[in-house]
S.K.: 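Got a structure here, written out as structure tokens. Questions coming.
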Amino acid sequence: QTNLKGTVTEQSTSLPIPAVNVLIKGTNAGTATDFDGEYQIEVNNGDVLQFSFIGYKSQEIIYSGQAVLDVVLEEDTSQLSEIVLIGYGSTTKKDATGSVESVTSEDFTRGNIVTPENLLSGRVAGVSINTSGSPGSGSEIRIRGGSSINASNNPLIIIDGLPIDNNGVNGSNGILATINPNDIESFSVLKDASSTAIYGSRASNGVIIIVTKKGKATFSATYDTQYSFGELTDRIGVFSGDEFRQLIASQPINGSTLNESLLGSASTDWQDEIFRNTVSSLHNVSMQGSLFKAIPARFSFGTTNQEGALITSEFERRNLGVALNPTLLDNHLKINLNANLAFEDNRFGDTGQIGAALGYDPTHPVYDPSSPFGGFYQHRNGSLLSNGTTNPVASLLQRENYGDANRSYGNLNFDYKFHFLPELRAVVNIGYDETESKSIDYTSTLVATNDPVKGNSSLGFQKRTNKSLDGYLNYTDEFGNIRTELMTGYSYQKFTNNGGNTGNQRDSASFPSTFADPDVVLIGFFGRANFTLQDKYLLTLTYRRDGTSRFSETNRWGNFPAAAFAWNMSDEDFLKDNNTISNLKLRVGYGITGQQDISGNNDIFLNRYRGGDQNSQYQFDNQVIESLIASEINPDLKWEETSTIEFGIDYGLFNDRISGSLNFFQKNSTDLLFTASVADGTNFSNSIIQNIGELQIQGIEFSANTDVVKNEDLDINFNFNATFLNREIKKLALGQDVRTGGIAGGTGNNIQLLREGEAPNSFSVFKQLYDTSGNPIEGAYADLNGDNIINDDDRYLKENPNADVILGFQSNINYKNLDLSFNLRANIGNYAYNNANSSRAQYERILDNSVLANLPTSVLNTTFQRTSDVIISDIYLEDASFLKLDNITLGYTFNNVSKSLKSIRLWGGVQNVFTITNYSGLDPEVFGGIDNLIYPRPRTILTGANFKF
Amino acid sequence: CTDDLNITPNDDQTTLSEELFLNESAYEQVLAGIYANLALTGTDGAGSSNLKNIDAGTSQFGRVLLYVQTLSADEMIWSYENDPGTREIQRNLWTAQNPLLLGMFSRAHLSIALANNFLRETTDAKLDARNVSTATRSEISAYRAEARLMRAMAYYYMMDIFGKANFVTEDDALNSQPPVYDRAQLFSFIETELKAIDTDLIASRQNQYGRADKSVAYMILAKMYLNAEVYINENRYTDCVSYCEKIIGDGYTLATNYLHNFMADNNTNSATNEIIFPIVSDGLTTQNYGPTTVMINGSVGSIEVNGTEVGVSPGGWGGALRVRKQLANLFGSAFANDDRNTIISSGRSIEITDISDRDSGYILQKYSNATSTGTFGIDQTFVDTDFPLFRLADVYLMYAEAHLRGGGGSLSTAVGYVNALRTRANNSNTITSSDLTLDFILDERARELHWEAHRRQDLIRYGKFTGGNYNWVWKGNGSNGISLPAHFKVYPIPTASIAANPNLTQNPGY
């Protein structure tokens, strides 16, 4: 035997790598490199030495008597992308049996990315992400459309092993807005039940596993900077000052005379006054390397500043992140710590002023030096404010609404491989997430009001915590032809939420208030078994038993099993040598997942009373008595269950130049957690959350990744994905319809309906009648039930807000040092109800209490007089299908700029390039299908640079 | 550890029932909760509601009662017809989908549920088990009678408005599908129940303000007997007269000033001698979008901008409420100086040809957030004015009517009551026995009791609500009024309520 020494270094940097596994093949003899990348091992001539390290290509070297053997390891990018994270473990793409899609940093969507979920926009079949235009705002994320009606439709999001809560705090833009997208390494999207069932109770809407960047042994650093310039490209058409004076002179309202003396002589475009061009910036610094030459570490610092298109609105965030990834005990214990701090500073602009700006009389100026209201023009009679809308510019500038949210979150992960039994691993995760926020809402005392209390000054605070502990054992072994992996574990998670508000401190009648939500505790026991026969036949069985504090003792436990089978057909002899088909896998899976997220009803199974707050007391003998009222109760509440059956094909053609998946699935949700009527008088409300109804979702997903050209100089790839979704309500309580979809224009109007046999939230409207020349007749609707009375019974269902087809198309083109990428997205068959027009574009709306108000010019098309006569008309329901070029980016990379500066990439791009749609409103992409003046999404020109050291 | 799954509420406004009753003051507070259901819609401010699928204000008990009894008839117009349900109520186009009807049905049934809950929590067995003190137990017998009274009152309104109700008592389980009582069954239940609790109820005018006493039960009985021909096709006018006499005999007197009944301090001024049962409102402690807040803000004129006079913001709600021509016409020249005539007509036409034109039609200034001493309520939106659900003037007019319909009593007493009201209103045009006719009483009821949630019931009793023998503007959606079908004498059962109880069927005609 010889004592062999050597150093293992990294190819690109020539720096030593600690903790590399060095093993004599076919034995248990081995060691690992130390902090300096050095190793020593006793070897014999002819031994095969294996050098392996995660993320690098392994090397095998036959020992032939050298005294020193230095080894250089090369980073293995292909191997990384092959690893797919699943719940409580990982697998490879080849061994995956479920519908799991992995998106790593090189595939991320580019462009104006402020919150991390946008890295996924348009990338994954079945996943839709809808982000509002307000700065730093959160998104509505849906995987396969969501499987609930009243319960949550949000997917479960897990960051480095910590399941996070989707609920934000006051003063924050939501939980994802506190995460720096630059810290993210990869996403794993779990879609079908066989892969999600390991998360049992929270898995019905899919799971997104987010992995942040880890420390590395070798030193590298990056600096990214980005500036963006946003501009709104469209406005809702309203009358200009001159047009408005003409309109008033024409006296367009039947039966009312407009007072022309209310008109002014100015011409103000109030939308121009409340919107602005924006400048935003983003800076990120990250450093990776070995700390004390022992601990692979990563530090990152990021700052983002985003101006909102609505004046005064602004989002600012600072992030600090640390990842430490040491390996101890001869490589048997891996520790992964990540800790993050996020400081989010918001100033919110009141989006209600968008509507005020549309309607504000354009014949008056913004400022009026003689005004007692801070020098802003206001409709007034001497010093008394007239009854009507107030100046939207004043309303925005005179209000300071700040929210500061500070979040700290992190996860400590131990992964121990038993010394006496290396096939067995124990993994423990400890996670913590806490967000505290303060909000300030302050208005000037010169604000336009006749109230003796001038404006508002209030402070709010809120604190949410999320504590998580889970652990599992994993055993892997081979028995003959069968590779076996067994896993079993336990998880505990607890959420708390409380806060308060001072009330208006200028108002003696206002009181401070506090709230404290019931805690939510979730406990689970889970296990999984994988069997792989001859690398071709794969079977996965999972089981989870979950308990929730949201249901009574008798109902709180639920069982969630799943099974999946996959066949690597391309490994069979008859396909092995096929030149066309390089990969073909058939998958079939079935599983049951649960849903218990009924925010706001966390203790509804308990027998409770609620006392009135300070404004909601009763009086006996003119003495205040705190009245106590029994709260609604449902002790029988239990799990909503979703069963999913899925059939999938993963394919690769021409040596995987074209690859992708085709999935067919059907999800059936039963015992829906649904707020429905109870017999009046039998509970303490007329409607409570119950287990009622069934929902079915059928879908097809298709994806294709294509390397069109791939050679040294030129690389062109496409990613195309398509999703077809059909959601249908199968059953509702006693078969009865449920009205939903509240709209503006009057109090409590609804435009949508839930009905058996129909898509959820289908629009319920009157059928507009038209005259012979095709003009709509005001208030005239088809008498659909033929009873000669037009009433609610004549409303019919037409379309729904969900797209039938969602398409995504991305391309990355690299030519030498030049790179170009773009994202196209389309939705087909989604309808939107134009509430901006339906509640405003009628002539009577010119009368705004005692003042005049502007209207959308679309009133000229209908010449409608009265909102109440037309608001439910199907004339306002429009096809909102669209094609959007979300983003186009062009970059150039300078390599090896200097000894320390490895590369610089300069890039520029445009976000929100164009939208092709027939929809008449500002933007066809509307949450829930009701378009009541969304915060507009600006077109943004971006420029940036990335430096790598 | 799976014990952590056993949670308890963290919020200091919420208490588990097992802890609540450890404190004996809870019984009074839970009783207050039953009363509060008439004033409040929820526990967390005027915008909160413990009912769902409905706007908070649209389910405030007094307000929806005002809408179904007054807005549906010849006295009142609501300008903002895109507020759901209002258009269909005031043009008599309602369907089972109407949200205001859901508000009425569900809110009244919540009173029933809360009363049943109180009765379940105060059985002898429970009080024994909790070792409740003798002092508290002696109060609880009156509390229990009041809970039963509030439940009977809810059934009374359901009988009148919908002609049926889910019949739920303290013996029924939560979330059950209860039997349904029709008018005759409800009539019999309410009558028996109100008589049964008579001994336990606190004597008239002896209970705390805001709580109900014997005369509230008498009032409901008197009203049932007056309308018994409508409800059960029986002549019970004698019973009506005798219950009116009981109330009058218990010492109520008219407020010194008619308008005291409708002012911010009607809980302390001379109206306390007249008001038999109020729905409490307070600008600070009992904020609600109830009938007085709605009527005081709503009746501020779009032209007059006269909110300051009645203690709300100058523009109020911009002319939301106006009066129909038929009410205005009842105040002819003989009533020019009658205190009950608060109509403002200057610069306005009497006609309302376009309901959304808030400058047309007369307005009214009956209710006010000003006090009898010239100060104002604490808040400019939420008024201090209590809604006088039952008051003595109504009893006087019921007595007179029941007398004319053959219920006994004395004609001179009846005439005296009518003249007492006129004299109190500073109207010197008193009447003589020959003036006292049924038609006169109907008109006089409108002059005295307009906008107090009585009109629909009165018109139905007189056979003038449905059919075409009396039409008012916008009745049946005709600008001059058209006939209504007979089935409109009761409202349709709300769709959502039928959906949850298969025993509940739709009223004929709907």
S.K.: Is chain A contacted by the side chain of B/Y80, its backbone, both, or neither, given a heavy-atom distance below 4.5 Å?
M.R.: side chain
S.K.: With a 4.5 angstrom heavy-atom cut-off, is it the side chain or the backbone of A/L847 that approaches chain B, or both, or neither?
M.R.: both
S.K.: Considering only heavy atoms and a distance below 4.5 Å, find which of A/N683, A/N622, A/I629, A/N791 pairs most often with chain B.
M.R.: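 Most heavy-atom pairs within the cutoff with chain B belong to A/N622.
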S.K.: Counting only heavy atoms closer than 4.5 Å, note whether B/T353 contacts chain A via side chain, backbone, both or neither.
M.R.: neither
S.K.: Need one label for B/D172: side chain, backbone, both or neither, based on atoms under 4.5 Å from any heavy atom in chain A.
M.R.: neither
S.K.: If I measure from the heavy atoms of chain B, does A/E626 come under 4.5 Å with its side chain, its backbone, both, or neither?
M.R.: both
S.K.: Roughly how far apart are A/I688 CD1 and A/N601 CG, rounded to 0.5 Å?
M.R.: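 Between atom CD1 of A/I688 and atom CG of A/N601 there are 9.0 Å.
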S.K.: For A/N602, is it the side chain, the backbone, both or neither that has a heavy atom under 4.5 Å from a heavy atom of chain B?
M.R.: backbone
S.K.: I want to check a possible cation-pi pair here: A/R556 against A/F551, using under 6.0 Å from ring centre and within 45° of the ring axis as the test.
M.R.: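 That pair does not qualify as a cation-pi contact.
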S.K.: Relative to chain B, which segment of A/E553 carries a heavy atom at a distance below 4.5 Å: side chain, backbone, both, or neither?
M.R.: side chain
S.K.: Looking at B/N117, B/I112, B/N501, which makes the most heavy-atom pairs under 4.5 Å with chain A?
M.R.: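 Ranked by heavy-atom pairs under 4.5 Å with chain A, first place is B/N117.
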S.K.: Is the ring pair B/Y155/B/H109 parallel, tilted or perpendicular, if the boundaries are 30 and 60 degrees?
M.R.: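 Answer is perpendicular, since the angle exceeds 60°.
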S.K.: Would you say the side chains of B/N23 and B/S25 form a donor-acceptor pair under 3.5 Å?
M.R.: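 Checked: B/N23/B/S25 side chains pair up, N/O donor to acceptor below 3.5 Å.
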S.K.: Measuring heavy-atom distances to chain B, does A/R550 have an atom under 4.5 Å in its side chain, in its backbone, in both, or in neither?
M.R.: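 Neither part.
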S.K.: Please look at B/E28 and chain A and tell me whether the side chain, the backbone, both or neither of the residue comes under 4.5 angstrom of a heavy atom of that chain.
M.R.: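 Answer is both: backbone and side chain atoms of B/E28 are under 4.5 Å from chain A.
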S.K.: Which one of A/N615, A/V521, A/N254 has the most heavy-atom pairs closer than 4.5 Å to chain B?
M.R.: A/N615
S.K.: Between A/S616, A/S386, A/S687, which has the largest tally of heavy atom pairs under 4.5 Å with chain B?
M.R.: A/S616
S.K.: So which of A/R608, A/E844, A/Q623 has the biggest tally of heavy-atom pairs under 4.5 Å with chain B?
M.R.: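 Highest number of heavy-atom pairs under 4.5 Å: A/R608.
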S.K.: Would you tell me whether B/D386 and B/S281 have side-chain atoms, one donor and one acceptor, within less than 3.5 Å of each other?
M.R.: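 Side chains of B/D386 and B/S281: no pair found under 3.5 Å.
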S.K.: Relative to chain B, which of A/V624, A/L606, A/D507 shows the most heavy atom pairs under 4.5 Å?
M.R.: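 Sorted descending by pairs with chain B, the first entry is A/L606.
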S.K.: Pairs in or reaching into residues 509-518 of chain A: which pass side-chain hydrogen bond (donor to acceptor under 3.5 Å, both in side chains), with residues at least two apart or in two chains?
M.R.: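 Those involving residues 509-518 of chain A are A/N497-A/D517.
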S.K.: Select one option (side chain, backbone, both, neither) describing which atoms of B/T95 are under 4.5 Å from chain A's heavy atoms.
M.R.: side chain
S.K.: Heavy-atom pairs under 4.5 Å with chain B - which of A/V678, A/L385, A/I872, A/T257 has more of them than the others?
M.R.: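 Highest number of heavy-atom pairs under 4.5 Å: A/V678.
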S.K.: For B/L100, run the side-chain contact (heavy atoms from CB on, under 4.5 Å) check against B/T86, B/D83, B/I54 and tell me which one passes.
M.R.: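 Going through B/T86, B/D83, B/I54 one by one, the side-chain contact (heavy atoms from CB on, under 4.5 Å) with B/L100 is satisfied by B/T86 alone.
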